[in-house]
Structures are given as C-alpha cells and as structure tokens.
Asker: 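Input: one structure, supplied below.
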Amino acid sequence: MRLSKLILLVFASCFFVSTSIAQEDSTLTVHVVQRGENLYRISLGYGLTVDELARANGINNPNSIVVGQRLIIPVQGTQATGSLQEVVHILLPGETLASVANLYQVDMTALATLNNIADLQSVYVGQLLSIPNGDSPPVVVPDLPLTPTLTATPQEIADAGDTAPVRDVTDSIIHIVARGENLGNIARSYGVDASAIISANQIQDPSLIYPGQQMIIPGIQPPQYSGALPAPILRFTVAPLVFVEGRTGRIDFATDTPVTATGQFMNAPLRIVSQNGNMLHTIFIGIPVGSVAGIFPLTLALQGAQGESVPMEVNLQVTVGSYRTESLTIANDLLSLINANVDEAELVILRQVMGSFTPERYFTGLMGLPVAAPVSSPFGNQRSYNAGVFANTHTGTDFAAQVGSSIIAPSAGRVVLADTLNVRGVATVIDHGWGIYTGYWHQTERYVNLGDMVAEGQVIGTVGSTGRVTGAHLHWELWVNGVPVDPMQWVSEPLGL
C-alpha cells in the first residue's frame, strides 16, 4: 500500500494533461490560472462570486492562488470564452524549453511567447507550459531517466542498476484519498474534470468521500519526457514538484558511478545522504515559514573518484503556505512566559538538539499520529497572546487530548532530549535519523529517558498542560535539518519511503 501510494504521488506530478476549458456538455469546467490573474478577476469572467469560487475549490485564502493552479468552475457560472482544449506540459528535472519545443515539434520562440517567458534559462521544475496549437506529441517511452524515475522506487533502482523494472502505465490510475482531501482538490491535482472522476467511480454523493478510499482517475495520458540529465546522473526526482513554505521537499537521484555530492538551496547547504556505494542519493529540504515565494536554483557538485567535478543546477519553485491567525488567552501566572528572551533561550536548545544530523535512518514510511485526538490548532498559524500583536508562529500541530492520554511514537528513533522546559513544559525529542526529529511538548508524564531507543507505536508519555498553555493538549513538532515544518505532511505523504 505504501509503495503504491508513493508511485501515485510521483506520477501525479509528472504527466501531460488535457484541460477542459469550456466544454458545453461538461457539468464542471476547469480554469488554469494565468499570470496576472486573481480570484476576483477569474470569478467575474465566469459570473461567480469570489466566495462561490473559493468554496468550490477548498480555498481558505483567496490571495494564495498561483500560476498554473487549476480551479473547478461550478456549473452555475457562465462559460468564459477560450479554446476547447489546452495541452499543458509539466516541466521535469533535466528538461529545457528547447527540449520541450522539440518534443511537441513547435517553435521555441512561440512556446516562450505563449508562456510569457523572457529568459529561456529561467524555467523551473514543476512549471506548467501551455503548448502552441494544443497538439499532443506521439506517445513515446524513452530510455533513462523517465521510466525508472516514474515507475520504480529508489531501492529498486539501486538493486537493479540500469535495468530497473518497468511497470505498465495505463490511462487510468488509482488515487488513495488522504486526510483533508475533497473531490475538488483531487481533480485539480490531477488536472482532470471532477465530473469524470464522479462518473468513473459511480459516486452518488461527491461530499461523502473518505480517507483511504480508492478512486479511479480516468483519462491521464502516459508520461512524456524531453530532457537529458548530465552524466553520471541517471535519474532525478523532485517530490512534490512545487515546494511550499512550511513543508518538506524530497529529492532523489541515482548515478552510474560513485560520487560525493554537495549542494545548496535557498542559501543553505544541503545534507545529502548517499547509499549503495555512493550511487543513490537522497535530500530532505525543510522550507522555513516566512520564506518568500519565488524560483530558486538548487545547485549540486558531484565529485568522482578521479577528482572530476560535475555541476548541476535545477530551478525549483517555492510558494507561500495558507496559514491563518489565532488569538489565545493564557492565565496571569503564565504572563512572564510571553517574552521573546524566554522563547529564544529555549529555541537555542532546540536548534542545537534538532539541528544535528545522524547518518543512520530509523524511520520508514508514513508517520503515525502521536495521539488519538482531533487537531485543535494546525501548523503555521500566526498567534497573538492576550490581545497582543501577531508575532508568534505556531511551529507544530496541537491535538485536543485529555490529560493522561497516551502519546505514541509515530516512528522509530532515539530519545535525544528528555527534560522540563519553561515554555514547552515536560518535553521529549526523538531523533529519527537523516536530520528528521519530532518533539512532544506539555506532557504530564514522560516514560522515556535520554538515549533510549523507541519503537514505532511505543507509548512515550501522557498528555498534560505543563508549560505555556491555555489548557491540556499535545503540541507535536517535526523538524527537517534544523527547520520546523508541518508534521501532518509526513502523516499523509510517504516522504519516508
């Protein structure tokens, strides 16, 4: 199940889509956001209000839409004028504007003009390119790196070398519904019409889908690839193709000879894990909350056994997260803890502990939930205490559990902090290896000690209300190479496979 889900997630990001723009017999229309558009402008074009368009697409922040995003247009909206079909190519690592133009047999200047590209070197992984004339290329199954990248796991690539297994790619794939998804989100992520998913799965009530449900996604063409990766790189994957502020990105690449890899992204050095004789390489990147949206180069330098150095640069997109604000009121006897110096003193400790790197890997697959309770406050909210300014970022996920509820290790690891802190109360930190750490704050009891090895599912403590709190709850954090990120992404996306 976990393997199939990983393949689906990678596959969903790397395909060609034929997007219906104004089809008379369609109950839903999909609009691809263009440069310069906002939700207000789009809603006017379809005779809708901003609220109607936002509700149909599960958008909490109307200002958070991005170029290339697909918006479902409710049937009551009037159809905007436009071509009946648009062919969109999603740029993969190693592809260039020239290689895409060659794949579709179109003029590169026309391709650049249609997509408002002034600098031909500025294209980036995950960029959606509209193709002039809307003609799909012939179905081609090229050699490396496409087939292994999209259809084999990193371990299979390492085991099989240049003969990695190839799986059939059909016109229909299966999507496993994750927590928080709705039909609109799923349709948009695959670039297909929601009505086609409803029909293919004989869904009676589109609002009643549930986590774990298997859903046929019809009509996706086999993937194409136009680029070439520099030797000795055989294949290079980015997941997700677009990085989000406050979330995790993962990069895997394989080489046909042993190399030592170093690199940088967003002015920070990359921690690269190399395995299988230095021929399989993995990078986890945490995008800090507060990062600006933009296109950033990821640079790599590959050093071979003979001293030769091979550079590689890939442009990656970072978008802003959709985070909210919340106001909290704490008791008078805790007001002394609302102090920037107190916060910073604890952060110094956490950065030292959770910013270290352990080359051993203890985690596998999806993270489990640390407690059986609903989420009361998600990651990333900007917080105000006692009617003060919104100056605090919520760096974890809160669960509204009762005092004494069991806290469960979501994955295996080693306890590297077991202490009582001023703000975070009774605290535990687990090192899962490869720069991945989880923290558990405000406990009543702690059942593990510094240096203990814990197993996935082991009870490590109980929920409490110690430290700076408004009531009993568990605050759960996950750090990636020194950056706190949304831990719930690791629950729903198989980053750890």
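Note that these values count all heavy atoms, side chains included, but never hydrogens, waters or copies made by symmetry. Everything quoted here is computed from the prediction, not taken from an experiment.
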Asker: Does any N or O in the side chain of Trp434 come within less than 3.5 Å of the main-chain N or O of Pro359, such that one atom is a donor and the other an acceptor?
Answerer: yes

Asker: Tell me whether Ser411 contacts the main-chain N or O of Met367 through its side chain, where contact means a donor paired with an acceptor under 3.5 Å.
Answerer: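 No, the answer is negative, given that no donor and acceptor are paired below the 3.5 Å cut-off.
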
Asker: Given salt bridge (Lys or Arg N to Asp or Glu O under 4.0 Å), test Arg235 with Asp256 step by step and report yes or no.
Answerer: CA-CA 10 Å; Arg235 19 198 181 270; Asp256 59 6; over 6 Å; no

Asker: When you check the gap from the basic side-chain N to the acidic O, do Glu493 and Arg250 get nearer than 4.0 Å?
Answerer: no

Asker: Any donor-acceptor pair under 3.5 Å linking the side chain of Gln489 with the backbone of Thr248?
Answerer: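 Between the backbone of Thr248 and the side chain of Gln489 there is a qualifying donor-acceptor contact (under 3.5 Å).
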
Asker: Using modelled atom types only, decide if a donor and an acceptor are shared between the side chain of Tyr447 and the backbone of Thr462 within a distance under 3.5 Å.
Answerer: no

Asker: Please report the interatomic distance CD1(Ile251) to CD1(Ile272), rounded to the nearest 0.5 Å.
Answerer: 8.5 Å

Asker: Taking the six-membered ring where the residue is Trp, are the ring centres of His281 and Phe253 under 6.0 Å apart?
Answerer: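 Yes: the rings meet the under 6.0 Å criterion.
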
Asker: Given side chains that start at C-beta, do those of Leu300 and Phe236 come closer than 4.5 Å, heavy atoms only?
Answerer: yes

Asker: Find the distance between CD (Gln382) and CZ (Phe390) and round it off to the nearest 0.5 Å.
Answerer: 9.0 Å

Asker: Assign the ring pair Phe265 / Phe296 to parallel, tilted or perpendicular, where the plane angle (0 to 90°) is split at 30° and 60°.
Answerer: perpendicular

Asker: Check whether any side-chain N or O of Asn386 sits under 3.5 Å from a backbone N or O of Ile330 as a donor-acceptor pair, and report yes or no.
Answerer: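 Such a contact is found between Asn386 side chain and Ile330 backbone.
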
Asker: Look only at the side chain of His473 and the backbone of Ser376, and say whether a donor-acceptor pair between them is shorter than 3.5 Å.
Answerer: no

Asker: Going from OG on Ser327 to OH on Tyr385, what distance comes out if it is rounded to the nearest 0.5 angstrom?
Answerer: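 Nearest 0.5 Å value for the OG-OH distance: 11.0 Å.
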
Asker: Going by heavy atoms in the side chains, are Val238 and Asp252 under 4.5 Å from each other?
Answerer: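 The answer is no, as the side chains (C-beta and beyond) never meet within the 4.5 Å cut-off.
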
Asker: Spell out, as yes or no, whether a donor-acceptor pair under 3.5 Å connects the side chain of Gln317 to the backbone of Ile295.
Answerer: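 Here the side-chain-to-backbone pair does not exist.
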
Asker: Listed by chain and number, what are the salt bridge (Lys or Arg N to Asp or Glu O under 4.0 Å) partners of Glu313, not counting sequence neighbours?
Answerer: none

Asker: Whether the side chain of Gln443 engages the backbone of Gly464 through a donor-acceptor N/O pair (distance < 3.5 Å, no angle test) should be reported.
Answerer: no

Asker: What about Trp490 and Phe284, are their ring centers closer than 6.0 Å?
Answerer: yes

Asker: Checking Arg446 against Tyr440: charged group under 6.0 Å from the ring centre and within 45 degrees of the axis?
Answerer: no

Asker: For Ala455, is there any backbone N or O sitting under 3.5 Å from a side-chain donor or acceptor partner on Gln458?
Answerer: yes

Asker: Just wondering, more than 12 heavy atoms not from Gln402 lying within 6.0 Å of its CD?
Answerer: no

Asker: Sequence neighbours left out, what passes salt bridge (Lys or Arg N to Asp or Glu O under 4.0 Å) with Glu346? Give chain and number order.
Answerer: Arg424

Asker: Suppose the criterion is salt bridge (Lys or Arg N to Asp or Glu O under 4.0 Å): which pairs have a residue in residues 479-492, not counting sequence neighbours?
Answerer: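 Listed once each, the pairs are Arg247-Asp486.
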
Asker: Assess whether a salt bridge exists between Arg383 and Asp398, defined as any Lys/Arg side-chain N lying under 4.0 Å from an Asp/Glu carboxylate O.
Answerer: yes

Asker: Evaluate the criterion side-chain hydrogen bond (donor to acceptor under 3.5 Å, both in side chains) for residue pair Thr395 and Glu477; output intermediate values, then yes/no.
Answerer: CA-CA 7 Å; Thr395 53; Glu477 292 195 7; 2.7 Å; yes

Asker: For the residue pair His475 and His442, categorise the inter-ring angle as parallel (less than 30°), tilted (30 to 60°) or perpendicular (more than 60°).
Answerer: perpendicular

Asker: Show the nearest heavy-atom pair for residues Asn339 and Asn341, with the distance to one decimal.
Answerer: OD1-N, 2.7 Å

Asker: If you measure only the distance, is there a donor-acceptor pair under 3.5 Å linking the side chains of Asn381 and Arg324?
Answerer: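 Not at all, the side chains of Asn381 and Arg324 share no donor-acceptor pair under 3.5 Å.
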
